[in-house]
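Chain naming here is simple, since letters A, B, ... match the order of the sequence lines and numbering starts at 1 in each.
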Amino acid sequence: MNFWLLKSEPETFGFADLVRVGREPWNGVRNYQARNFLRQMQVGDLCLFYHSATSPAGIAGVARVVRAAYPDNLQFDPASLYHDAASPPEAPRWSMVDVAAVAALPRFLTLAELRTLPELGNLRLLQRGNRLSVMPVSQEEFQVIVAAGGLEPEFLNADSF
DNA sequence: GCCAACGTTGGC
DNA sequence: GCCAACGTTGGC
């Protein structure tokens with residue numbers, strides 16, 4: 001099982017929205033590096049749900065991958081902001097996964113607070129110039145973050161959901 | 001293949 | 001709104 005971080009602007013789609021709908025296709029990723037990470041995701045992987053472009057930015061909850069990568073439908077929709085006319089239908093350029101809400105962090109973890117945790121010195125999110133909307137997180141980093149956010153460690157057990 | 005121009009992200 | 005960082009585009 002692998003661990004990831006997904007960025008979303010809460011004004012557009014926040015963790016509360018994921019809780020409300022339960023499950024959502026993670027579409028609209030149009031960066032090759034982020035896309036490649038999406039394609040590595042497997043059902044059961046856990047994701048930190050990060051709120052970007054808001055104040056304060058930070059981690060709001062945990063989601064789970066419930067469907068592995070498949071073609072992002074929006075790339076073929078001319079009306080979509082994410083339309084890509086150059087994407088070959090026989091070999092779609094962009095992928096998405098489906099994610100489901102697992103749990104909100106009892107304590108929202110702000111970016112500033114994440115920066116104070118010594119165990120997160122290598123967290124990709126905190127590196128200079130980072131702009132990726134999908135990135136890997138180590139198991140250790142994931143555990144530190146969910147614990148700091150007030151979730152019980154047992155919640156990581158596969159049979160707890 | 002180089003690289004300048006431009007666009008986007010996202011914290012502040 | 002500013003601006004640093006970085007990806008993409010396109011002329012050559």
Side-chain angles (χ1 to χ4, degrees), chain A residues 2-21 24-41 45-65 69-99 101-138 140-151:
Chain A
N2 289 303
F3 301 89
W4 310 93
L5 182 144
L6 299 174
K7 287 185 188 175
S8 187
E9 301 185 9
E11 314 253 310
T12 307
F13 190 85
F15 189 73
D17 295 305
L18 184 61
V19 169
R20 183 171 42 79
V21 300
E24 181 78 0
W26 207 257
N27 54 25
V29 172
R30 294 294 179 270
N31 169 285
Y32 286 104
Q33 208 178 345
R35 179 206 67 180
N36 293 342
F37 287 136
L38 284 179
R39 290 181 176 177
Q40 291 174 32
M41 289 183 180
D45 284 0
L46 292 176
C47 307
L48 300 167
F49 196 113
Y50 179 83
H51 284 175
S52 66
T54 189
S55 190
I59 297 172
V62 176
R64 180 167 52 118
V65 176
Y70 62 109
D72 181 337
N73 55 306
L74 298 183
Q75 69 197 304
F76 301 120
D77 178 1
S80 170
L81 194 62
Y82 300 107
H83 181 233
D84 183 354
S87 179
E90 69 281 6
R93 184 176 285 175
W94 305 111
S95 300
M96 62 185 177
V97 298
D98 288 354
V99 297
V102 172
L105 292 192
R107 291 185 55 247
F108 181 86
L109 285 179
T110 67
L111 188 56
E113 193 168 356
L114 292 172
R115 291 193 192 281
T116 69
L117 298 175
E119 300 92 336
L120 301 182
N122 293 323
L123 187 68
R124 203 160 174 143
L125 178 75
L126 304 182
Q127 304 307 308
R128 183 161 152 273
N130 146 75
R131 293 191 320 180
L132 273 184
S133 63
V134 181
M135 66 185 82
V137 174
S138 74
E140 292 72 21
E141 290 164 341
F142 187 90
Q143 286 171 334
V144 164
I145 289 168
V146 296
L151 284 178

Task: Atom pair distance, as rounded to whole Å: CZ in Arg128(A) and P in dA5(C) - done: 4 Å
Open item on the list: Run the ring pair (Phe, Tyr, Trp, His ring centres under 6.0 Å) test against Phe15(A) and tell me which residues pass, sequence neighbours left out.
Closed with: Phe49(A)
- [ ] If a pair satisfies salt bridge (charged side-chain N to carboxylate O under 4.0 Å, His left out) and one of its residues is in residues 84-94 of chain A, list it, with sequence neighbours excluded.
- [x] Asp84(A)-Arg93(A)
- [ ] Name all residues meeting the side-chain hydrogen bond (donor to acceptor under 3.5 Å, both in side chains) criterion together with Gln75(A); count only those two or more places apart in sequence or in a different chain, and write none if there are none.
- [x] Ser87(A)
TODO: Work out how much the helix from dG1(B)-dC12(C) to dC12(B)-dG1(C) bends between its end axes, five pairs an end, to the nearest 10 degrees.
DONE: 10°
Task: Tyr82(A) atom OH, neighbour heavy-atom count above 12 within 6.0 Å - done: no
TODO: Could you list the residues that satisfy side-chain contact (heavy atoms from CB on, under 4.5 Å) with Asn2(A), not counting sequence neighbours?
DONE: Trp4(A), Asp45(A)
TODO: Kindly state each residue pair satisfying side chain to side chain donor-acceptor pair (under 3.5 Å) with at least one member in residues 51-61 of chain A, sequence neighbours excluded.
DONE: none
Let me have the donor-acceptor pairs involving side chains of residues 118-128 of chain A, under 3.5 Å, with sequence neighbours excluded, atom names and distances please.
residue, atom, partner, partner atom, Å
Gln127(A), NE2, Gly121(A), O, 3.3
Gln127(A), NE2, Leu123(A), O, 3.0

Please list, pair by pair, any protein nitrogen or oxygen found under 3.5 Å from a nitrogen or oxygen in nucleotides 8-11 of chain B.
residue, atom, partner, partner atom, Å
dT8(B), O2, Arg131(A), NH1, 2.6
dG10(B), OP1, Lys7(A), NZ, 2.8
dG10(B), OP1, Arg131(A), O, 3.1
dG11(B), OP1, Tyr50(A), OH, 2.6
dG11(B), OP2, Ala53(A), N, 2.9

Open item on the list: Tyr70(A): which residues meet the side-chain hydrogen bond (donor to acceptor under 3.5 Å, both in side chains) condition with it, sequence neighbours left out?
Closed with: Asp98(A)
